[in-house]
Novice: 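Here's a structure for you.
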Amino acid sequence: MKALEVKIKHALENKGIKCQSVYKMPDPDDTRVLIAFNSKDNKNLSIRKIENILSTLNVGEFKVPNEFQRLSSAFLHLEVTLGARTEKPVFSASM
């Protein structure tokens with residue numbers, strides 16, 4: 001696993017969320033990360049919890065969808081988009 005995937009998986013596990021796998025798309029133009037969860041082990045899992053954990057990683061901005069996708073009766077998967085910017089844009093005041 002690459003550094004980003006490991007960082008995400010450990011951050012989720014440190015907050016008590018059992019993560020089955022984390023996979024970053026190999027295409028450099030594709031900024032998606034797929035996260036798979038076992039639904040049996042994560043009964044209280046929510047999008048908000050995932051979003052809050054990802055935002056604390058300091059690796060950029062994440063766009064998290066509003067719902068999980070079910071792969072089977074036992075597994076959920078979440079497709080997260082990683083933003084290219086790590087800093088907020090600076091706007092100059094118009095005169």
Side-chain angles (χ1 to χ4, degrees):
M1 241 189 257
K2 296 179 185 172
L4 177 63
E5 291 97 323
V6 170
K7 193 170 189 175
I8 290 172
K9 188 166 185 167
H10 286 298
L12 293 169
E13 288 175 354
N14 288 340
K15 295 294 184 178
I17 297 174
K18 293 183 181 179
C19 177
Q20 197 68 24
S21 64
V22 178
Y23 179 75
K24 185 176 183 308
M25 295 304 212
D27 183 357
D29 296 330
D30 193 349
T31 58
R32 290 180 296 152
V33 178
L34 303 176
I35 307 172
F37 304 95
N38 183 329
S39 57
K40 179 183 174 188
D41 295 329
N42 294 296
K43 296 191 186 296
N44 296 323
L45 189 61
S46 73
I47 298 296
R48 175 62 88 197
K49 285 181 186 178
I50 303 298
E51 193 171 26
N52 288 341
I53 293 168
L54 293 178
S55 68
T56 65
L57 295 179
N58 295 323
V59 293
E61 295 179 11
F62 288 92
K63 180 180 175 191
V64 181
N66 293 331
E67 60 186 31
F68 292 101
Q69 295 178 357
R70 187 163 291 282
L71 294 177
S72 70
S73 61
F75 291 98
L76 300 170
H77 120 252
L78 186 63
E79 188 175 296
V80 178
T81 304
L82 176 62
R85 298 188 65 94
T86 57
E87 299 176 6
K88 302 277 185 211
V90 177
F91 296 102
S92 61
S94 60
M95 293 184 171

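Treat the numbers as computed from the prediction; the structure is a model and nothing was measured. Count residues from 1 along the sequence.
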Novice: To the closest 0.5 Å, what do you measure between OG (S21) and CZ (F75)?
Specialist: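 Here the rounded value is 8.5 Å.
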Novice: Calculate, to the nearest 0.5 Å, the distance between atoms NZ and NE2 belonging to K15 and H10 respectively.
Specialist: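 NE2 of H10 is found 15.5 Å from NZ of K15.
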Novice: Tell me whether the count of non-hydrogen atoms from other residues, nucleotides or ligands lying under 6.0 Å of CG in N44 goes above 12.
Specialist: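 No, because the 6.0 Å sphere around CG of N44 holds 12 heavy atoms or fewer from other groups.
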Novice: Do V6 and L34 share a hydrophobic cluster (ILVMFWY, side-chain heavy atoms under 4.5 Å, transitive)?
Specialist: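 The answer is no; the residues belong to distinct hydrophobic clusters.
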Novice: Count I, L, V, M, F, W, Y as connected when their side-chain heavy atoms are under 4.5 Å apart, and connections chain through other members. Are I17 and I47 then in the same cluster?
Specialist: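 Yes, because I17 and I47 connect within a single hydrophobic cluster, where side-chain heavy atoms sit under 4.5 Å apart.
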Novice: For the pair E5 and K2, find out whether any cationic side-chain nitrogen is under 4.0 Å from an anionic carboxylate oxygen.
Specialist: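 Not counted as a salt bridge, because no side-chain N and carboxylate O are separated by less than 4.0 Å.
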Novice: What pair of heavy atoms forms the shortest contact from E79 to P65, and how long is it?
Specialist: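 For E79 and P65, the tightest heavy-atom pair comes out as O-CD, 3.1 Å.
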Novice: Only one of L54, V80, T81, T31 forms a side chain to side chain contact (heavy atoms under 4.5 Å, CB included) with K63, so which one is it?
Specialist: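 Of the listed residues L54, V80, T81, T31, the side chain to side chain contact (heavy atoms under 4.5 Å, CB included) partner of K63 is T81.
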Novice: Is there a continuous path of hydrophobic side-chain contacts, each under 4.5 Å between heavy atoms, that joins L57 to M25?
Specialist: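 No; tracing contacts between hydrophobic side chains, which count when under 4.5 Å, never links both residues.
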Novice: Give the intermediate values and the outcome of side-chain contact (heavy atoms from CB on, under 4.5 Å) for residues I35 and Y23.
Specialist: CA-CA 7 Å; I35 307 172; Y23 179 75; over 6 Å; no
Novice: Can you tell me how far apart SG (C19) and CD1 (I50) are? Round to the nearest 0.5 Å.
Specialist: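 Result: 8.0 Å between the selected atoms.
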Novice: Should L12 and F37 count as side-chain neighbours, where that means a heavy-atom distance under 4.5 Å?
Specialist: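 When only atoms from C-beta onward are counted, F37 and L12 do touch, with a gap below 4.5 Å.
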Novice: Under the rule for salt bridge (charged side-chain N to carboxylate O under 4.0 Å, His left out), what residues qualify as partners of E13, not counting sequence neighbours?
Specialist: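 Expected list: none.
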Novice: Drop me the distance from R32's CZ to K24's NZ, to the nearest 0.5 angstrom.
Specialist: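 Rounded to the nearest 0.5 Å, the CZ-NZ separation comes out at 10.5 Å.
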